[in-house]
Amino acid sequence: MGKALSFLQGSGNNGGEFMKKTGDTYIYLSEFLGTFIFLLCGIGCVGALRLAGAGFGQWEISIVWGLAVAMGVYVCGGVCGAHLNPSVTIALALFGDFDRRKVVPYILVQMLAGFCAAALAYAMYYNLFADAVAATAGDPAGMTALAGIFCTFPHPKITFFQAFFVELVITAVLMCLIYALVDGRNAAPKGNLGGLLIGLLVALIGASFGPLTGFAMNAARDFGPRLFAALAGWGTDVMTGYPLNGNLSLPYFLVPLIAPVIGACIGGWIYKRIIVAALDRNAAAGDKA
């Protein structure tokens, strides 16, 4: 399984020796860059919708986020494996061959990239943010909704635990299908199409379930930008989400921080136990023949 999934596990397109020669500093910088580009484009898309009056629907938003993921993968995949997501990093460490000593540094640079991407997007849209903040002054719900440019909030009709379940399930689907798309022993695409298809997978999930929770599936995509928003003036409301949803029994930031990790581990476990086991049996039968 490790060889089949080398693209994500860190050996990239140039082989494991490439990473050994590159050094950890460049690996972490590459992971930062890929995550930063993906999140800058995604947050910028939501900013265009909310602040500049862009005519995006759910499908268009999902496609932009998917393309942003694909570009992030392509910019750094050959150096660091382009995890771009703490959930992916943890699942690969548990169910693949990713070096567990690199898990914490990967997660830290992913979170930092999310914070920095939010800060740059805020600076680029600063004047529009200022007008929007002035227009919603004194309205906690309006201010918190404005912070949705940076992070995700659930549909007002669903509860904390329903949102947790949604994020768990969609991240499990994401991780299971990422494995399938990069597993050379399965029906993985030939050439360099993996990143594009992973992006389309994100878009598909976003179009199908995005209105429920904002399809975070990624603590770096949500918590880093959410932390920036809290420090930039939105305060604790952006962490709790309470002004937007009276059904929340716990602070909402916990959902995209924890549920995707559990979901990715479930998705990785399912793929390993069903698909990889079947491929191993077929390979063993072929060797005997």
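Just so we're clear, the structure is a prediction, and the values are computed from it rather than from any experiment. Residue indices begin at 1 and follow the sequence shown.
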Counting distance only, does the side-chain N/O of Thr159 pair as donor-acceptor with the main-chain N or O of Gln162 below 3.5 Å?
yes
To the closest 0.5 Å, what do you measure between CE (Met239) and OG1 (Thr144)?
12.5 Å
Any side-chain heavy atom of Leu168 within less than 4.5 Å of one from Ile266?
yes
Quick one: does Asp222's side chain have a donor or acceptor within less than 3.5 Å of a partner on Ala216's backbone?
no
Within 45° cone of Phe153 ring axis and under 6.0 Å: Arg226 NZ or CZ
yes
Phe160 and Phe165 aromatic centres sub-6.0 Å:
no
Spell out, as yes or no, whether a donor-acceptor pair under 3.5 Å connects the side chain of Thr136 to the backbone of Gly142.
no
One pair to check against ring-ring contact (aromatic ring centres under 6.0 Å, His included): Phe129 and Phe150. What are the steps and the verdict?
CA-CA 12 Å; Phe129 266 113; Phe150 300 110; 5.3 Å; yes
Hey, are the side chains of Thr89 and Phe98 touching, using non-hydrogen atoms and a 4.5 Å cut-off?
yes
May I ask you to decide if the ring planes of Tyr122 and Trp234 are parallel, tilted or perpendicular, using 30° and 60° as cut-offs?
perpendicular
I want to check something: taking the side chain as every heavy atom from C-beta on, are Phe164 and Ile258 in contact at a cut-off of under 4.5 Å?
yes
Test item: Ser87 and Asn218 side chains (from C-beta on) under 4.5 Å apart, heavy atoms
no
Rounded at 0.5 Å granularity, tell me how far CD1 in Ile205 sits from OG1 in Thr171.
7.5 Å
Nearest heavy-atom pair of Ala219 and Leu257: which atoms, and what distance?
CB-CD1, 3.9 Å
Could you check whether any side-chain N or O of Asn245 sits under 3.5 Å from a backbone N or O of Ile158, counting only pairs where one atom can act as donor and the other as acceptor?
yes
Where is the tightest heavy-atom contact between Leu49 and Ala54, given as atom of each residue plus distance?
CD1-O, 3.3 Å
Separation between CD1 of Ile107 and NZ of Lys102, rounded to the nearest 0.5 Å
14.0 Å
Could you tell me whether the side chains of Tyr74 and Asn192 share a donor-acceptor contact shorter than 3.5 Å?
no
Assess whether side chain to side chain contact (heavy atoms under 4.5 Å, CB included) is satisfied between Ile170 and Leu212, documenting all intermediate values.
CA-CA 11 Å; Ile170 62 178; Leu212 295 177; over 6 Å; no
Check Pro211 against Gly206 and note the closest heavy-atom contact, atom names and distance.
CD-O, 4.0 Å
Phe223 and Pro256, any side-chain heavy atoms less than 4.5 Å apart
no
From SG (Cys151) to CZ (Arg221), nearest 0.5 Å
7.5 Å
State, to 0.1 Å, how close Met175 and Gly268 come at their nearest heavy-atom pair, and which atoms those are.
CG-N, 4.0 Å
Under 4.5 Å between side-chain heavy atoms, counting indirect links through other Ile/Leu/Val/Met/Phe/Trp/Tyr residues: same cluster for Leu254 and Leu227 or not?
yes
For the hydrophobic clusters of this structure (ILVMFWY residues joined by side-chain heavy atoms under 4.5 Å, transitively), does one cluster hold both Val64 and Leu174?
no
I'd like to know if the side chain of Asn85 pairs up with that of Tyr106 as donor and acceptor (distance under 3.5 Å, no hydrogens or angles considered).
no
Can Phe32 and Cys80 be said to form a side chain to side chain contact (heavy atoms under 4.5 Å, CB included), step by step?
CA-CA 10 Å; Phe32 174 92; Cys80 62; over 6 Å; no
Tightest non-hydrogen contact, residues Leu94 and Cys265, listed as CD1-SG, 3.5 Å
A side-chain contact here means heavy atoms from C-beta on lying under 4.5 Å apart; do Phe253 and Val238 qualify?
no
Enter the distance from Trp269:CH2 to Cys176:SG here, rounded to the nearest 0.5 Å.
11.5 Å
Shared hydrophobic cluster, Phe56 / Leu146 (ILVMFWY, side-chain heavy atoms < 4.5 Å):
yes
Atom pair OG (Ser208) and CD (Gln58), whose distance is rounded to the nearest 0.5 Å
9.5 Å
Flag, side chain of Arg50 to backbone of Ala145, donor-acceptor distance under 3.5 Å
yes
Starting from the C-alpha separation in whole Å, work towards a yes-or-no answer on side chain to side chain contact (heavy atoms under 4.5 Å, CB included) for Leu84 and Val73.
CA-CA 8 Å; Leu84 315 183; Val73 169; 3.9 Å; yes
Is the shortest side-chain heavy-atom distance between Asp183 and Tyr271 below 4.5 Å?
yes
Same cluster (ILVMFWY, side-chain, under 4.5 Å), Phe115 and Val104:
no
Do Leu201 and Leu197 pass the side chain to side chain contact (heavy atoms under 4.5 Å, CB included) test, and can you show the C-alpha distance, the side-chain angles, and the key distance before you say yes or no?
CA-CA 6 Å; Leu201 168 61; Leu197 291 177; over 6 Å; no
Correct closest heavy-atom pair for Gly114 and Pro225 would be O-CG, 3.5 Å
Which donor-acceptor pairs under 3.5 Å do side chains of residues 33-44 form with protein atoms, sequence neighbours excluded?
unit_1: Thr35; atom_1: OG1; unit_2: Glu31; atom_2: O; d: 2.8

Can you confirm whether or not the ring centre of Phe215 sits under 6.0 Å from the ring centre of Phe209?
no
Are His83 and Leu92 side-chain neighbours, meaning at least one heavy-atom pair lies under 4.5 Å?
yes
Assigning hydrophobic clusters by single linkage (Ile, Leu, Val, Met, Phe, Trp, Tyr; side-chain heavy-atom cutoff under 4.5 Å), is Leu29 placed with Met111?
no
